[in-house]
Amino acid sequence: MKKISVIVPCHNVAKYLERCMERIINQSIGMEEIELILIDDASTDNGATLQVLMDYERRFPDTVMLIPLEQNMRQGGARNIGISYAGGEYLMFCDADDWLAYRAMEILYHVAKEYDADVVEYRYKTVTDTKESGELIEQGNGSYYREMDNEDVKRKLLVEYSSNFSLGCMRKLYRTSLIKDNAISFAEHLICEEPSFTVPVRLYEKKHVFLDAELYYYLQRSDSTTHSKWDDRKWDHVKVWLLLMDDLKRRGFMDIYHDELECMMYDWGWVLSVRMMVQKGYAMTLEELRFLKQTVLQMFPSVLYNPYVMKREEKSDDIMKFLLRTELTEKIVQEMNQTLAISGEILS
């Protein structure tokens with residue numbers, strides 16, 4: 001069994017792949033310990049991406065597995081395919097335009113084994129310069145180990161958000177058996193899909209390590225999914241949270257962590273959905289805001305009386321609570337759009 005499976009979804013990324021691949025195949029842990037799973041997510045660049053991936057598979061047949069998809073699944077679906085093939089003791093994800101520090105896997109695997117961890121989380125460095133070497137690792141003194149084997153600990157972590165305990169799926173090493181034994185997967189064909197995977201992971205994991213070290217380089221691109229327009233994707237975020245809540249209910253977590261998950265739906269499914277619209281420059285219509293409000297209240301009709309939500313005292317929360325308890329009109333929605341766009345309250 002390989003020590004680590006690395007899953008890399010690829011869609012029209014030929015010009016970025018060499019840097020990403022070279023950082024993986026030259027990891028200090030040794031190629032013999034790595035399983036590299038490359039998913040060509042139905043690229044449409046006249047075979048450029050697929051050709052690069054095929055070249056790496058030919059060069060490293062004992063390390064690289066290429067899986068070409070006929071239908072675009074977006075990153076969540078591509079990662080799910082990769083998980084289904086993963087045979088390593090641990091698995092991790094790397095986007096094709098990002099890259100790892102050369103010692104990342106060696107360090108992460110050592111920490112995982114030392115603590116018998118289900119998840120090892122680490123820091124990333126945002127870069128615009130593609131010439132970052134990956135040789136130097138910036139390390140702080142904020143590393144910690146956390147036992148997550150009781151409900152009180154999990155309740156706290158569900159409602160206290162931290163960059164050191166994130167809902168993103170990147171910059172984490174996962175025990176493969178935790179993912180497969182609990183059939184944890186991503187929402188497919190949607191953007192903003194990562195919480196559909198990471199929230200169930202948080203509820204199942206027992207041992208979590210945060211490693212205060214920059215081991216991942218995130219390339220900030222103006223044409224990335226995060227930074228591009230979302231005209232046909234602006235409802236994906238709330239769709240992901242609805243799917244997630246249905247999944248957690250099916251798994252029995254809603255009965256145990258109802259208040260915490262209700263608060264998460266308020267913070268992420270309601271407040272953040274509106275926030276992201278504003279960030280992208282969309283003015284919400286009365287019909288859209290009514291739909292979003294109705295969607296949240298149908299699932300959690302008493303959300304305004306949630307003990308965590310009631311403690312929220314930011315100005316942005318005052319606005320969002322007002323919208324939930326008020327009969328919406330064209331005037332109210334127009335004033336909301338103007339207020340949020342001008343003042344940026346919701347973004348604070």
Side-chain angles (χ1 to χ4, degrees), residues 148 150-163 165-167 187 192 194-196 198-204 234-279 282 284-340 343-348:
M148 299 180 60
N150 70 75
E151 293 175 7
D152 288 340
V153 171
K154 291 185 186 291
R155 285 193 179 93
K156 181 179 180 181
L157 292 173
L158 285 172
V159 295
E160 293 186 6
Y161 313 122
S162 165
S163 61
F165 210 91
S166 73
L167 292 183
C192 307
E194 295 181 36
S196 63
T198 57
V199 175
V201 167
R202 183 174 298 188
L203 290 170
Y204 281 115
K234 60 183 180 178
W235 292 107
D236 280 13
H237 182 263
V238 71
K239 288 178 183 178
V240 167
W241 280 89
L242 291 172
L243 289 170
L244 171 59
M245 291 299 153
D246 285 341
D247 181 42
L248 297 178
K249 183 177 181 180
R250 178 181 59 81
R251 294 174 184 272
F253 287 124
M254 192 64 71
D255 294 333
I256 304 171
Y257 304 106
H258 177 275
D259 288 351
E260 291 74 25
L261 296 176
E262 183 179 59
C263 178
M264 291 188 82
M265 187 64 190
Y266 168 82
D267 284 337
W268 299 86
W270 167 246
V271 175
L272 189 57
S273 290
V274 176
R275 171 192 283 180
M276 292 170 78
M277 296 281 197
V278 174
Q279 287 176 324
Y282 296 109
M284 296 191 70
T285 67
L286 174 61
E287 291 74 18
E288 287 175 337
L289 197 60
R290 279 177 174 170
F291 167 76
L292 184 55
K293 173 182 174 178
Q294 182 182 17
T295 299
V296 174
L297 290 179
Q298 280 181 341
M299 181 169 284
F300 294 111
S302 300
V303 64
L304 286 171
Y305 302 98
N306 179 282
Y308 301 104
V309 172
M310 291 177 70
K311 294 178 182 178
R312 300 284 198 269
E313 296 180 349
E314 300 292 330
K315 281 191 175 182
S316 59
D317 279 291
D318 290 341
I319 296 171
M320 301 310 295
K321 290 176 183 177
F322 170 78
L323 294 173
L324 281 178
R325 65 173 179 263
T326 303
E327 181 66 30
L328 299 178
T329 64
E330 291 281 5
K331 182 179 180 182
I332 288 175
V333 176
Q334 183 180 13
E335 290 176 349
M336 178 208 74
N337 282 317
Q338 291 174 345
T339 300
L340 299 183
S343 69
E345 294 282 6
I346 200 69
L347 302 178
S348 62

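Predicted model, so just to flag it, every value in this text is computed and none were measured.
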Residues which pass side-chain contact (heavy atoms from CB on, under 4.5 Å) with [X], listed by chain and number, not counting sequence neighbours:
X: L243; result: A187, L190
X: L324; result: Y266, W270, K293, L297, V303, L304
X: K156; result: E160

- Return the set of residues passing ring pair (Phe, Tyr, Trp, His ring centres under 6.0 Å) with Y204 (not counting sequence neighbours), or none when no residue passes. F253
With a 4.5 Å cut-off on side-chain heavy atoms, are [Y] and [X] touching?
X: K154; Y: R202; answer: no
X: W268; Y: P195; answer: no
X: V274; Y: L289; answer: yes
X: L323; Y: I332; answer: yes
X: M284; Y: L292; answer: yes
X: L286; Y: T329; answer: no
X: R290; Y: T285; answer: no

- Task: May I have all residue pairs that pass salt bridge (charged side-chain N to carboxylate O under 4.0 Å, His left out) and include part of residues 318-333, sequence neighbours excluded?
- Result: none
- Message: Just to verify, what does R250 make a salt bridge (Lys or Arg N to Asp or Glu O under 4.0 Å) with, not counting sequence neighbours?
- Response: D247
Using the test side-chain hydrogen bond (donor to acceptor under 3.5 Å, both in side chains), find all partners of [X] that sit at least two apart in sequence or belong to another chain.
X: D236; value: R233
X: D267; value: Y161, R312
X: D152; value: R155
X: S166; value: E121, K172

- Message: Please list all pairs meeting ring pair (Phe, Tyr, Trp, His ring centres under 6.0 Å) that have one or both residues in residues 290-328, counting only residues at least two apart or in different chains.
- Response: W235-F291, H258-F300
